[in-house]
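Everything below concerns the one structure shown next.
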Amino acid sequence: MSREDYEIVIGLEVHSELSTKTKIFCSCPTEFGGEPNTHCCPVCMAMPGTLPVLNEKVVEYAIKAGLATNCEIADISKNDRKNYFYPDLPKAYQISQYDMPLCEHGYVEIEVDGEKKKIGLTRIHIEEDAGKLNHDDYGRGSLVDLNRAGVPLIEIVSEPDLRSSEEVDLYLKKLKSILEYIEVSDCKMQEGSLRADVNVSVRKKGQKEFGTRTEMKNMNSFRSIVRAIDYEAERQIEILEDGGKIDQETLRWDDVSGKTFPMRDKEDAQDYRYFPDPDLVTIRISEEMKENIRKSLPEMPESRKKRYIEEYNLPEYDSNILISSKYFSDLFEGATKVCNNPKAVSNWIMTDIIKELNEKELEPSDIPFTAEQLGNLVVLIDKGTISSSIAKKVLQEMFENPREPQKIIEEKGWVQISDEGAIKEVVLKVLEANPQSIADYKAGKDKALGFLVGQAMKETRGKANPQMLNKMFLEELKK
Amino acid sequence: MVVSREEILHIAKLADLNIKDEEIDEYAKNLQDILNFVDILNSVDTENVEESIGIANNTNVFRKDEIKEFGNRDILLQNAPEQEDGMFKIPKVI
Ligand SMILES: [Zn+2]
């Protein structure tokens, strides 16, 4: 048997931090960072006698996520306690949801090799995040910071429908994009606001039963998840090929060595003893509430794509890139409103902006300038105030120190030279310095013209109006 | 259902409790009493009673998503046996 005879089966539990202003059960801010234990109160610190009160936005956002992923929304739901000891969990239980989650039976659609595939969602439920353990400089103890404790999360549990690390990558990207579009999570990976527990098993192709699965917890980079799945599947297949057996266990992925390691021994098998939290009351979701939330859903990517193709005549390829992130899509629409040149805006996003993000290892949400500023940049090019090569430099500036492009070109003296006299002066100077090119051109080598224009651009440090240069060179060469 | 000694030990472990060997039978008896009581509850005829989740009758007790900062870390930390840099100091967790 070989690698090809096996099928990989992957299920994900994705935890996404909701972008509410306050925590799930108290009024402390959820804002990232801050001095340790300053976003805390007696409730999220689990002081005796305190009572949790559910944040209404958490319920609303979870239902929004459910509706955007084709889930059925529960009529009745409740909160349960998941009991375990860990120093980052001050109550010694996490308030979560057990058998009556807010949303169930949904799906997300991905496109694999040009074919649509539905990835089933078992459920989406709400729960609270834990705190953070730091270690002191001398390694003598651990320090507990509870700023994160009680930050609201949704857990999105997929069916074991994913069959390769590539599908997982597509699924995660799709999920992230949906959560961004409906504005319930900002999905900042570096801040851990999107993380996943990954379950992997393998089985021989054609086999009905699933193989024994292993779990990797708390992974917060798509790239690591893809690598970890590939490694883990390979490891399991090797064991089976050698006649061995897979142990059901929790593993830790080590990004440096590119390997997985067992985390805790099986004797410690978790038994969370879920039970309804008596401090919280039943959640009832009326049809009216569901309908109102449904109506509040923004336009989703597929509909935007259709509009881009039909209204703006953009190619499908371009449209797909634009809708791949809400931030691209919003940037595109905002800038187009200003400059009325959709194709130009789309090109800027697809080439220079994406390139810049990749080089700086930034995400679309990190784009520092506004859609209006990008629109104004395109206006400056369309009016002939700056050339597109200068515009590239302006865009760089907008990334470094975001401000109005008009202001940037004034400060830097980058306004395009469109004065005929000035252009002519440059043209004559370049011609005088390059007699060979003149001869080449006259001998029928059209390329020589390009060279001359290039020289003139160099001379003016990119500021000359290229159309005018072209025209004037032609005039002079014809003399 | 009969509560076994093994179950008592398992529950004690999950609850992080140290119980002495001679206490096991006592706890087993106590828990058995509770289970017996639940059995009585289970035998009650609830044919015409509406299903409920908790003991509270009210539903949808929500809070508005508005920040109220507590703003006093010293008070929150005042009973910590040990603290450092504004955090609870605990035995090292690996
Ligand atoms: Zn709090």
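Convention: sequence-line order gives letters A, B, ...; per-chain numbering from 1.
- Between F88(B) atom CZ and L143(A) atom CG the span is 11.5 Å, to the nearest 0.5 Å.
- Counting non-hydrogen atoms of other residues, nucleotides and ligands closer than 6.0 Å to OH of Y27(B) gives a total of 12 or fewer.
- Only the side chain of L146(A) comes within contact range of chain B, judged by heavy atoms closer than 4.5 Å.
- If you measure heavy-atom distances from K21(A) to chain B, the contacts under 4.5 Å come from both the backbone and the side chain.
- Residues passing the side chain to side chain contact (heavy atoms under 4.5 Å, CB included) test with E6(B), sequence neighbours excluded: S4(B).
- Between chain B and the options C28(A), P278(A), C40(A), the largest number of non-hydrogen pairs under 4.5 Å is found for C40(A).
- Within a 6.0 Å sphere centred on CD of E72(A), heavy atoms belonging to other residues, nucleotides or ligands number more than 12.
- Separation of atoms CG (N60(B)) and CD1 (I283(A)) is listed at 7.5 Å; rounding is to 0.5 Å.
- In the displayed structure, F37(B) atom CZ is contacted under 6.0 Å by at most 12 heavy atoms of other residues, nucleotides or ligands.
- For the pair S142(A) (side chain) and V93(B) (backbone), a donor-acceptor distance under 3.5 Å is present.
- Contact between R63(B) and V53(A) at its shortest, heavy atoms only, is NH1-O, 2.9 Å.
- Residues of residues 64-82 of chain B that come closer than 4.5 Å to chain A, counting heavy atoms only, are K64(B), D65(B), E66(B), I67(B), K68(B), E69(B), F70(B), R73(B), L76(B), L77(B), ordered by residue number.
- Atoms CD and CG, on E35(A) and D85(B) in that order, are 9.0 Å from each other to the nearest 0.5 Å.
- The environment of CG in D39(B) is crowded: more than 12 heavy-atom neighbours from other residues, nucleotides or ligands sit within 6.0 Å.
- Within 6.0 Å of the CD atom in E23(B), the count of heavy atoms belonging to other residues, nucleotides or ligands exceeds 12.
- Side-chain contact between M87(B) and V144(A): absent, with no pair of heavy atoms (C-beta onward) separated by less than 4.5 Å.
- At a 4.5 Å heavy-atom cutoff, the contact between F25(A) and chain B is made by backbone atoms alone.
- At a 4.5 Å heavy-atom cutoff, the contact between P36(A) and chain B is made by backbone and side-chain atoms alike.
- Contact annotation for V58(A): neither backbone nor side-chain heavy atoms come within less than 4.5 Å of a heavy atom of chain B.
- In F62(B), the CZ atom is crowded: over 12 heavy atoms of neighbouring residues, nucleotides or ligands sit closer than 6.0 Å.
- Contacts with chain B were tallied for P87(A), P276(A), G131(A), C41(A); C41(A) has the most, counting heavy-atom pairs under 4.5 Å.
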